[in-house]
Amino acid sequence: MPPVGPRSGDAIFANVERVNAELFTLTYGAIVRQLLTDLEEVEEVNKQLDQMGYNIGIRLIDEFLAKSNVSRCVDFKETAEVIAKIGFKMFLGVTASVTNWDADGTCCSIVLEDNPLVDFVELPDTCQGLYYCNILSGVVRGALEMVSMKTEISWIRDMLRGDDAFELQVKLLKQVPEEYPYKDDE
């Protein structure tokens, strides 16, 4: 029997258990609204959404690795492509593109043309500093940290602010060496 190769984002998305997209979108909107009510400061809501995403990302990477059959990526560029083409498709049903690489290959942009989190959303004037989808930056940061990549993630473009796409800038700060809790030879 030939070895099982990595699966495409479309193939995984077709076989993954899903919830109703409108229910998901409206539930996320309710969470953001409640955070705005409880925390009152938009910047605090941004931090909380990022932290929530981080907590999701450190757990979501296990499911991603188990279901996608993706082997270890050789570098940050390959990792970014896997996130954009397989990860976003697997969990959100959208495909992203990776662009704007710097010369060192340590900084890029992940661009989403479509984002199901923002269906039915209009930001009021009082929330202009809100990064409504900041949970996504936390998810990516958390998942990458679990595969030994310390990153900084920020929003460059946001369709809720009048831009033509959603663009996350992903900057690799350092590749953390893997640590093993014990030595096999002892």
Side-chain angles (χ1 to χ4, degrees), residues 8-10 12-13 21 24-25 28-29 31-32 35-36 42-65 68 70 73 75-123 127-176:
S8 76
D10 290 326
I12 298 166
F13 185 70
F24 176 70
T25 301
Y28 180 71
I31 290 169
V32 173
L35 286 172
L36 284 165
V42 171
E43 196 51 46
E44 286 301 312
V45 174
N46 287 336
K47 288 178 188 175
Q48 187 65 36
L49 288 171
D50 181 70
Q51 186 59 45
M52 289 169 62
Y54 176 82
N55 292 338
I56 293 168
I58 61 176
R59 289 167 180 77
L60 207 60
I61 188 68
D62 290 332
E63 182 176 353
F64 173 78
L65 293 172
S68 68
V70 172
C73 296
D75 59 13
F76 184 59
K77 284 187 176 188
E78 183 181 354
T79 303
E81 288 292 335
V82 168
I83 291 168
K85 302 290 189 270
I86 300 174
F88 276 103
K89 183 65 174 183
M90 182 175 170
F91 294 110
L92 285 180
V94 298
T95 304
S97 58
V98 182
T99 61
N100 302 332
W101 281 101
D102 68 354
D104 299 334
T106 59
C107 186
C108 67
S109 292
I110 296 177
V111 179
L112 293 131
E113 300 295 330
D114 186 31
N115 184 347
L117 290 179
V118 300
D119 292 346
F120 320 115
V121 176
E122 288 183 25
L123 289 182
C127 297
Q128 290 307 309
L130 178 68
Y131 289 104
Y132 185 83
C133 298
N134 216 32
I135 198 165
L136 294 179
S137 62
V139 168
V140 172
R141 186 172 57 86
L144 286 173
E145 194 166 303
M146 292 297 103
V147 293
S148 304
M149 293 183 182
K150 186 82 172 153
T151 57
E152 181 180 281
I153 316 252
S154 55
W155 287 98
I156 304 299
R157 293 187 291 165
D158 188 334
M159 290 176 80
L160 293 176
R161 295 171 177 226
D163 296 320
D164 59 340
F166 291 94
E167 181 178 345
L168 277 171
Q169 183 181 59
V170 183
K171 185 176 189 176
L172 178 65
L173 301 176
K174 68 178 181 174
Q175 187 89 31
V176 181

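Note that the structure is predicted; figures quoted are calculated from it, not measured.
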Asker: Do you know the tightest heavy-atom contact between I61 and I58?
Answerer: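 Result for this residue pair: CG2-O, 3.6 Å.
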Asker: For atom CD of E122, decide whether the heavy atoms of other residues, nucleotides or ligands shown that lie under 6.0 angstrom number more than 12.
Answerer: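 No, because the 6.0 Å sphere around CD of E122 holds 12 heavy atoms or fewer from other groups.
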Asker: Looking at every non-hydrogen atom in both residues, tell me the closest pair between M52 and L35 and how far apart they are.
Answerer: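 Answer, listing the atom of M52 first, then L35: SD-CD1, 3.9 Å.
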Asker: Let me confirm one number: the CD-CG distance from E167 to L112, rounded to the nearest 0.5 Å.
Answerer: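 Those atoms lie 10.0 Å apart.
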Asker: Could you tell me which residues satisfy side chain to side chain donor-acceptor pair (under 3.5 Å) with Y54, sequence neighbours excluded, listed by chain and number?
Answerer: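 In terms of side chain to side chain donor-acceptor pair (under 3.5 Å), with neighbours along the sequence ignored, Y54 is linked to E145.
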Asker: Checking side-chain contact (heavy atoms from CB on, under 4.5 Å) against V170, which of C107, C108, S109 comes through?
Answerer: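 Of the listed residues C107, C108, S109, the side-chain contact (heavy atoms from CB on, under 4.5 Å) partner of V170 is C108.
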Asker: To check you understand the geometry: which heavy-atom pair defines the closest contact between R157 and D163, and what is its length?
Answerer: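 Smallest heavy-atom distance, with atoms named: CA-OD2, 3.2 Å.
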Asker: With a 6.0 Å cut-off on the ring centroids, do W101 and F76 count as close?
Answerer: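 Yes, the ring centres sit under 6.0 Å apart.
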Asker: What I'd like to find out is whether the side chain of V118 reaches to under 4.5 Å of the side chain of Y132, using heavy atoms alone.
Answerer: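 With C-beta onward as the side chain, the pair touches.
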Asker: At what distance, to the nearest 0.5 angstrom, does CD1 of I135 lie from CG of N46?
Answerer: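 Reported value, rounded in 0.5 Å steps: 12.0 Å.
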Asker: CG of L136 to CG of L168: how many Å apart, nearest 0.5 Å?
Answerer: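 Here the interatomic distance stands at 6.5 Å.
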Asker: Working to the nearest 0.5 Å, report the span between NZ of K174 and OG1 of T151.
Answerer: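 The NZ atom of K174 sits 12.0 Å away from the OG1 atom of T151.
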Asker: Show the nearest heavy-atom pair for residues N134 and Y28, with the distance to one decimal.
Answerer: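 N134 and Y28 have their closest heavy atoms at N-OH, 4.2 Å.
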Asker: Between D50 and R141, does any NZ, NE, NH1 or NH2 come within less than 4.0 Å of an OD or OE carboxylate oxygen?
Answerer: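 The answer is yes: the pair qualifies as a salt bridge.
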Asker: Test of understanding: with side chain to side chain donor-acceptor pair (under 3.5 Å), list the residues that count as partners of N55, not counting sequence neighbours.
Answerer: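 Residues passing side chain to side chain donor-acceptor pair (under 3.5 Å) with N55: Q51.
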Asker: Any side-chain heavy-atom pair from L130 and V45 closer than 4.5 angstrom?
Answerer: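 They are in side-chain contact.
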Asker: Once you round to the nearest 0.5 Å, how far does CG of L117 lie from OG1 of T25?
Answerer: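 Between L117 CG and T25 OG1, I get 6.5 Å after rounding to 0.5 Å.
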Asker: Quick one: CG on L92 to CG on N115, what's the gap to the nearest 0.5 Å?
Answerer: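 With rounding to 0.5 Å, CG (L92) is 6.5 Å from CG (N115).
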Asker: State, yes or no, whether a side-chain contact exists between T79 and L172 at a heavy-atom distance under 4.5 Å.
Answerer: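 No, their side chains stay 4.5 Å or more apart.
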Asker: Got I156 and N100 here, is their nearest side-chain heavy-atom distance under 4.5 Å?
Answerer: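 SC-SC contact between I156 and N100 ruled out.
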Asker: Just wondering, do T95 and F88 contact through their side chains at under 4.5 Å, heavy atoms?
Answerer: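 A side-chain contact under 4.5 Å is absent here.
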Asker: With the side chain counted from C-beta on, respond yes when C133 and W155 share a heavy-atom pair under 4.5 Å apart, and no when they do not.
Answerer: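 Answer yes - side chains close enough.
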Asker: Going by the side-chain contact (heavy atoms from CB on, under 4.5 Å) test, name the single residue among M159, R161, E113 that passes it with F166.
Answerer: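 Result: among M159, R161, E113, M159 is the only option passing the side-chain contact (heavy atoms from CB on, under 4.5 Å) with F166.
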